[in-house]
Amino acid sequence: MQYNDRSNCGRLGSADIDKTVHLAGWVDALRDHGEVLFVHLRDKSGIVQLVFSPEFTPEEICRQSTSLRSEYCITVFGRIVKRAEGTENPNIETGDIEIIVTDMTILSRSDNLPFPISEKAMMGSTNETISREPVSEDLRLQYRYLDLRRPGMQQFLIKRHKINACVREFLDQNEFIEVETPILTRSTPEGARDYLVPSRVNPKHFYALPQSPQLFKQLLMVAGFERYYQITRCFRDEDLRSNRQPEFTQLDLEASFIDEEFIFNLIEELLCRMFEIGGTNLPRPFPHMTWQEAMDKTGSDRPDLRFEMYFVEATDIFTQTRYSIFKQILQRGGVIKGINVKQASESLSKNVLQNEYAKQIVPGFGAKGMTWMRVTGDQLDSNIVQFFSKEEQQTIIKRFNASDGDVILIIADPSLELVNSALGRLRLHVADRLDMIPKDKFVPVWVTDFPLFEPTEEGVTSSHHPFTAPDRIDFDPADQEDLLSLLSRSYDIVVNGEELGGGSIRIHDPATQQKVFAALGLSPSEAEEKFGFFLRALDFGPPPHGGLALGMDRVVAMIMKTPSIREVTAFPKNRSAFCPLTQAPSLVAHEQLAELGLLDLGKAESLPGSDQEQDTIDYLSWVSRIGFEDNERPMIESALDDAVKMAQAVFGIAQEYEPAISVVRGQNCFRKGSSATRSSFVETGALLKNAPSVKGDYFRVASILE
RNA sequence: GGGGGUGUAGUUCAGUUUGGUUAGAACGCUUGCCUGUCACGCAAGAGGUCGCGAGUUCGAGUCUCGUCACUCCCGCCA
């Protein structure tokens, strides 16, 4: 069968009337009227209606057509005709025409489908309605190749391709070159767990899959490429979310002899072009917000600016308050902040505020409670308003810019971090519940001036990674207070409260880099051991440089207006990092493990750097040579637990006895009337000749009860 | 690791609160009829370990406990 002359279903139109066409695709839907049969034929380009009728279709073909079923793969020849008046279908692009079939071949048949594929008349609607009924994602992933037949899903991947192409074209125009960096590499300084790959050639050594190409891209700057980018896979072994997969795609880029402004301009232009592919215009320039401002106003370092409802600082209003809860919190150096939910008194009834928000939702955010006040006229109305003086009430109204119908929500706590976090989540919760977030609105913002370090129990740690440039270099690595006052030259690009990417200007001066390591408590030798190859590169004239990485999955998902990056990933993993289609990850053959030297890792001392304790049950399983399935483990665990408890109980009762291997004293028993006879094979040694070890006339058995 | 939700026909879901006849609906599927449908129509039919396991009970889809799977949130993670 030749397909050279094949046409695309979805591209046919009135201009093609009377032409003879060759089509191939899948049976999207069929309607059998006995004599005449209508088929929607679908290929990548769209849908067109086929007509099988004895008037013009050969008898044999008509007969074959009755065996057609959904998703059969067929090819047809036919003539394009204008549809009779009144039979046009406005729901499909090709609704003005149809194909009179003159020949048809069934290329392959399909089983009954596990879920509907055809989007039928919904073709005309937007992506938001992919199918009329949602199908469980588990099933979709198991039959992903069928899921991906749906036009809506194809659009996601096609648009993703267009976005990738747009990125490559734009960066090429700006003299960035795409360089591939290793996937098998060593652990990089990002904070997440690594995926490890054992090396066969170097037994007991492991590669790490990159969490990002961070060090390599900086080395490319040292190498003098000046502008690099890569659309590359990154890996992090952390729990999954709807916007987090264990492997994900980053647009990673880095440039030399640039500053923050260069990155802002470049990325704004790039993002505008990318969003345009989804039909969205992002207004430029993007607003900026310092990390401090973002935290103060929204309690989050990725503020959602589609709506206001910013935090109002209210601590000073209550310095003289009689309200004992506030009073106590302020005595402990606490903070009081709130938000004004404009014109919400109808939706937020006293009952909702007190019983839902104050009692359940806000405590769920980690705060002890929530104070609420409804504004009626110029009065405050609340369950605790009587504790506040007239002056306090007036100041509250003024400070929160409150008017009739508003609802003021206040959270107080000794910890500023807790107030910010709880009030930030409350802000989002209320906005979502009251439908205050405009649909189809996209508000980007650059968040800058992050703290360089965060405090830890021992000292400080990098907020991003240790190669981020500080805003000043005259700091004292030993002065914790000084360190915590340092800001970094880093920036995150946030859209609608989701972090799409981030980056920084890097340190290119070895002395500064040493100071940062010193601040982190890394001795020169430790730094050498971890990043020696990279630090050495800084000794050879590194250029000033910086860059950024964009989470492509998130960007594409946002452009396509879908909440989950799994929708824009061809073959994603589910929540348990498992692929229902391929059943990965899977057990592997014993021989494979042996070849990789992974069989004798049971004992901690055989694996340098490993300090994990051996699992008791695995050990007992090994000792007793009795295998078990994973689902039997809980049972064995509880049995073992019981055994241990019993042993302890017995030992507690009978401490004077020495523990013995056997409870019953060992002795030989004979049937009544018979006496012990000694086998002649004992004398020759033949009886125990196959025993692994012999003691006297006995052979040893495995000490499975040790 | 912690918390919430869900699990009943191929699919999407009722039924579970308050245990009680043969577990239902829609779509899909199978067969038959139908020459203009496009969510075709009409008629008939098949299809269920009610996630799994224990328990309570005369009796469990329904109540209790455990367990598994999926999913959302927190932790974790740029």
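Chain naming here is simple, since letters A, B, ... match the order of the sequence lines and numbering starts at 1 in each. Owing to the predicted nature of the structure, the values given are computational and were not obtained by experimental measurement. Computation of the quantities below employed the complete heavy-atom set of this structure, encompassing side-chain atoms and omitting hydrogens, waters and symmetry-equivalent molecules.
Each of A:P54 and A:R425 lies near RNA chain B, and the nucleotide nearest A:P54 is the one positioned closer to the 5' end. Nearest-nucleotide mapping onto RNA chain B: of A:A84 and A:R193, the residue sitting toward the 5' end is A:A84.
Regarding A:D432, its CG atom lies at a distance of 12 Å from the P atom of B:rC73, rounded to whole Å. Summarising the geometry, the separation between CZ on A:R241 and P on B:rC72 is reported as 9 Å, rounded to the nearest angstrom. What separates CZ of A:R302 from C1' of B:rC77 is a distance of 11 Å, to the nearest Å. Nucleotide B:rU71 holds its C1' atom 10 Å from the CG atom of A:D138, rounded to whole Å. Note: CG (A:D301) to P (B:rA78) measures 12 Å, nearest angstrom. Remark: C1' of B:rC38 and NE2 of A:H40 are 4 Å apart, rounded to the nearest angstrom. Residue A:F38 contributes atom CZ, which lies 16 Å from atom C1' of B:rA39 at whole-angstrom precision. The distance from atom CD of A:E238 to atom C1' of B:rG75 is 10 Å, rounded to the nearest whole Å.
Listed nucleotides B:rC72, B:rC40, B:rA78 differ in distance to A:Q211; the shortest reach to its side chain belongs to B:rA78. Here the nucleotide nearest the side chain of A:S242, chosen from B:rC29, B:rC73, B:rG75, is B:rC73. Closest contact between the side chain of A:D239 and the listed nucleotides B:rC72, B:rG1, B:rU37 involves B:rG1. Distance from the side chain of A:E98 is smallest for B:rU37 among the nucleotides B:rU37, B:rC72, B:rA78.
B:rG59 sits 15 Å from B:rA54 when the P atoms are compared, rounded to a whole Å. Comparing B:rU18 with B:rA23, their P atoms are spaced 24 Å from each other, to the whole Å. Using atom P as the reference point in both B:rG19 and B:rC63, the two lie 9 Å apart (nearest Å). Taking atom P on both B:rU62 and B:rU6, the two are 15 Å apart, rounded to the nearest angstrom. Look at the C1' atom in both B:rG28 and B:rC40: the space between them is 15 Å, to the nearest Å. Taking atom P on both B:rG7 and B:rC50, the two are 15 Å apart, rounded to the nearest angstrom. Annotation: B:rA60 and B:rC52 have their P atoms spaced 15 Å apart (nearest Å).
Remark: B:rU12 base-pairs with B:rA25. Criterion, Watson-Crick or G-U wobble with two distances under 3.5 Å. The partner of B:rU6 is B:rA69, by the rule that a Watson-Crick or G-U pair needs both atom distances under 3.5 Å. Of the nucleotides present, B:rA54 is the one that pairs with B:rU64 by Watson-Crick or G-U wobble criteria, both distances under 3.5 Å. When Watson-Crick and G-U wobble pairs are counted only if both distances are under 3.5 Å, B:rU35 pairs with no nucleotide at all.
Rounding to the nearest 0.5 angstrom, the gap separating the CZ atom in A:R566 from the CD atom in A:E137 is 4.0 Å. For the atom pair A:L68 CG and A:S65 OG, the distance stands at 6.0 Å (nearest 0.5 Å).
Looking at A:R233 and A:E247, a side-chain N of the basic residue comes within less than 4.0 Å of a carboxylate O on the acidic one, giving a salt bridge. Under 4.0 Å is where a charged nitrogen must lie from a carboxylate oxygen, and between A:R193 and A:E238 at least one such pair does.
Relative orientation of the A:F442 and A:F275 rings is perpendicular, given thresholds of 30° and 60° on the angle between their planes. Aromatic ring pairs are classed by plane angle as parallel below 30°, tilted from 30° to 60° and perpendicular above 60°; the pair A:F467 and A:F531 is perpendicular.
A:S488 contributes a side-chain N or O that, together with a main-chain N or O of A:F450, makes up a donor-acceptor pair within less than 3.5 Å.
The residue A:S463 sits close to a base: some heavy atom pair falls under 4.0 Å. Across all strands shown, A:N89 has heavy atoms under 4.0 Å from base atoms, whether or not it also approaches the sugar-phosphate. Residue-level contact check: A:E85 touches neither bases nor backbone, having no heavy atom under 4.0 Å from any strand. Residue A:N574 is in sugar-phosphate contact alone, with no base atom involved, counting any heavy-atom pair closer than 4.0 Å across all strands shown.
A donor N or O paired with an acceptor N or O is found under 3.5 Å between the base of B:rU37 and the side-chain atoms of A:Q49. One can find a donor-acceptor pair under 3.5 Å joining the base of B:rC77 and the side-chain atoms of A:R244. With hydrogens and angles ignored, no donor-acceptor pair under 3.5 angstrom links the side chain of A:E35 to the base of B:rG36.
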*Hey, mind stepping through A:R427 and A:K297 against side-chain contact (heavy atoms from CB on, under 4.5 Å) and telling me if it holds?*
CA-CA 10 Å; A:R427 174 176 176 266; A:K297 281 183 153 177; over 6 Å; no
*Starting from the C-alpha separation in whole Å, work towards a yes-or-no answer on salt bridge (Lys or Arg N to Asp or Glu O under 4.0 Å) for A:R42 and A:E71.*
CA-CA 9 Å; A:R42 185 193 71 242; A:E71 297 306 316; 3.0 Å; yes
_Strictly under 4.0 angstrom, non-hydrogen atoms only: write out the protein contact profile of nucleotides 7-15 of chain B, one letter per nucleotide from the 5' end, B, S or -._
---SSS---
